[in-house]
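One structure is given below, encoded as structure tokens.
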2 protein chains.
Amino acid sequence: MSTRAERVCTQLRDSIIRGDHIAGSRLNEVDLAAEFGVSRTPIRAALSELASEGLLDYMPNAGYSVRTYSAQQMLGIFEARAALEGLATRQAVENGVTEAQRALMQRAIDETEAVLSRRRWEADVTVFWSHINTWFHGAILEAAHNDHLAWLLRKSRSIPLVYSSMFRRFDLNRIAKAHEEHVTILEAITQRQAVRAESLAREHIYKAGLFVVERMREHEMQAAHAAAMARADGSAPPQPVAP
Amino acid sequence: MSTRAERVCTQLRDSIIRGDHIAGSRLNEVDLAAEFGVSRTPIRAALSELASEGLLDYMPNAGYSVRTYSAQQMLGIFEARAALEGLATRQAVENGVTEAQRALMQRAIDETEAVLSRRRWEADVTVFWSHINTWFHGAILEAAHNDHLAWLLRKSRSIPLVYSSMFRRFDLNRIAKAHEEHVTILEAITQRQAVRAESLAREHIYKAGLFVVERMREHEMQAAHAAAMARADGSAPPQPVAP
DNA sequence: GAGCAGTGTAATGTATACACGATCGCGAGA
DNA sequence: TCTCGCGATCGTGTATACATTACACTGCTC
């Protein structure tokens, strides 16, 4: 990471995923330049990159804004991602996973089990789970030996992160469920059951999508309710949601 | 299309797909700026966009170069695309296609039939087929109502174009085969057979991929043979293939 | 002769000034 | 009072100059 544009891009991506910018808000290039202590040129390069990743919207002569996704759209993202992760899992089985890749997946499973059974304590379960998940699916993707698939999945994984980071912490129940699915997927992979592994992986992601979408719908309902209450009070709604 | 960056981007994309630049060659920003009669700024914006589309490679401090794909990588692209087009077709059936969408697909089929049976004459069958194909799959994608899926597919469709444009014209046999597959897919969609439609669409794209990859392998063999002959002659090989 | 260091050149990365377009507010007229 | 139009202002689009990096070539040393 040598150029300023790259540094800005990384920091901005993190801050967007962290939820620092309110959804739909416009990003002013001059302000960002001042904030990062660089000129507008690397800022524009970073914004262009983030727009290509789907985190920002770009309108000619109107600049960049934080992209928002409806629950419906998020479901579509997870459905696409499910198809791709399913394919990756099948290709991993067909190519054969290396011992190192299998070991990494096993380690992800073991560590999750340790945390779930309270044999081990983690300060932030959300961060922990995020890492574990990355290991597990990263190993599968690596075994798939399909660069384009990896590229498409990278573009499909970062967007949901924006929204799942909105929930303070993952439900322990949800993690336990996902953990069981991981175990089953690894079992299918180990037994070289390509079609079964594909179906399981696809369903695994789809379930995760349903969970996120459910949370988003709850959130939207609460927001709508709060807005209605505010209107009834005659006061201004607390925060603009969309531009 | 108002900004210069957009115009440059469109023109450059077309020229890359047309195969104007030799594979792997580096794109000099100053030269491009002179060629398009603009400054380096919109050139850099266009290059950044094309890199995000997968048509160019970017290396910090080393600029952009025309990306090359091996036959193996191309197969991976088509495998991913097959999974996505399959998903799109299934979602189209599940959502239900409108009469207009069905009519467009039917029209694509009818016009192809007219050309194949010589009832109609087309100057450039490759261009004709390209349009027909776009109609057909575009209608399905529209019916799928999945923005992210559409976005991923856009990124997966343009890359093979670079290589399929290398073959002077599509085989009429290949078009006839693909046509039959289109007929079967539309039949499955009309009868609301979601799973069958998904399988057929997936296989349809996979077959197209095998065709392109086969041509690429032939091409690679020829190139390797020519290079070997040139080396035997003691003269320099005709063209550098990769950087 | 081989290897390494230093320098020069060409290309990219960045800063900055200016041009253009969009948007908002104010005022005039119906 | 409402609407239309015009100008002011803010922000993005573009050009250009400068900084910095990478690479190749040359000359020196071992």
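Note that these values count all heavy atoms, side chains included, but never hydrogens, waters or copies made by symmetry. Naming: A, B, ... by sequence-line order, numbering from 1 per chain.
- Residues satisfying the salt bridge (Lys or Arg N to Asp or Glu O under 4.0 Å) criterion with B:Arg26, sequence neighbours excluded, are absent altogether.
- Put simply, OG on A:Ser156 and CZ on A:Phe78 are 10.0 Å apart, with the number rounded to the nearest 0.5 Å.
- Taking 4.0 Å as the cut-off between side-chain N and carboxylate O, B:Glu214 and B:Arg174 do not count as a salt-bridged pair.
- Nucleic acid contact class of A:Ala45 (heavy atoms, under 4.0 Å, all strands): none.
- Residues meeting the side chain to side chain contact (heavy atoms under 4.5 Å, CB included) test with B:Asp147, sequence neighbours left out: A:Gln73.
- How far CD1 of B:Ile140 is from CG of B:Leu87: 12.0 Å, rounded to the nearest 0.5 Å.
- Bracketed by its first and final contacts, the part of DNA chain D lying under 4.0 Å from non-hydrogen atoms of chain A reaches from D:dG11 to D:dT14 in 5' to 3' order.
- Scanning both residues, A:Leu104 and A:Ala139, for their nearest heavy atoms gives CD2-CB, 4.2 Å.
- Contacts of A:Glu111 classified as salt bridge (Lys or Arg N to Asp or Glu O under 4.0 Å), with partners at least two apart in sequence or in another chain: A:Arg107, A:Arg120.
- A heavy atom closer than 4.0 Å to some atom of DNA chain C occurs in B:Arg40, these being the qualifying members of residues 32-40 of chain B.
- Looking at residues two or more places apart in sequence or on another chain, you find a side chain to side chain contact (heavy atoms under 4.5 Å, CB included) between A:Arg102 and A:Val97, A:Glu99, A:Gln106, A:Leu186, A:Thr190.
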Short heteroatom pairs, N/O only, protein and nucleotides 20-25 of chain C, under 3.5 Å:
none

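- If one axis is set at each end of the helix from C:dG1-D:dC30 to C:dA30-D:dT1 from five pairs, those axes are 10° apart, to 10°.
- Between A:His204 and A:His137, the two ring planes are parallel [angle under 30°; tilted spans 30° to 60°].
- Between B:Glu53 and B:Lys155, no side-chain nitrogen of the basic residue sits less than 4.0 Å from a carboxylate oxygen of the acidic one, so the salt-bridge criterion is not met.
- In this structure A:His131 satisfies the side chain to side chain contact (heavy atoms under 4.5 Å, CB included) test together with A:Val127, sequence neighbours excluded.
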Distance-only donor-acceptor pairs under 3.5 Å for side chains of residues 32-40 of chain B, two or more places apart:
from, atom 1, to, atom 2, distance (Å)
B:Ser39, OG, B:Thr41, N, 3.3
B:Arg40, NE, B:Glu29, OE1, 3.0
B:Arg40, NH2, B:Glu29, OE1, 3.0

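- B:Tyr64 has no side-chain polar atom (N or O) that falls below the 4.0 Å cut-off from OP1 or OP2 of C:dG13.
- In this structure, A:Arg157 pairs ionically with A:Glu85, as a charged nitrogen and a carboxylate oxygen lie closer than 4.0 Å.
- Listed by residue number, the members of residues 47-56 of chain A with any heavy atom below 4.0 angstrom from DNA chain D form an empty set.
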Give every pair of a protein N or O atom and an N or O atom of nucleotides 6-10 of chain C that lie under 3.5 Å apart, one pair per line with the distance.
none

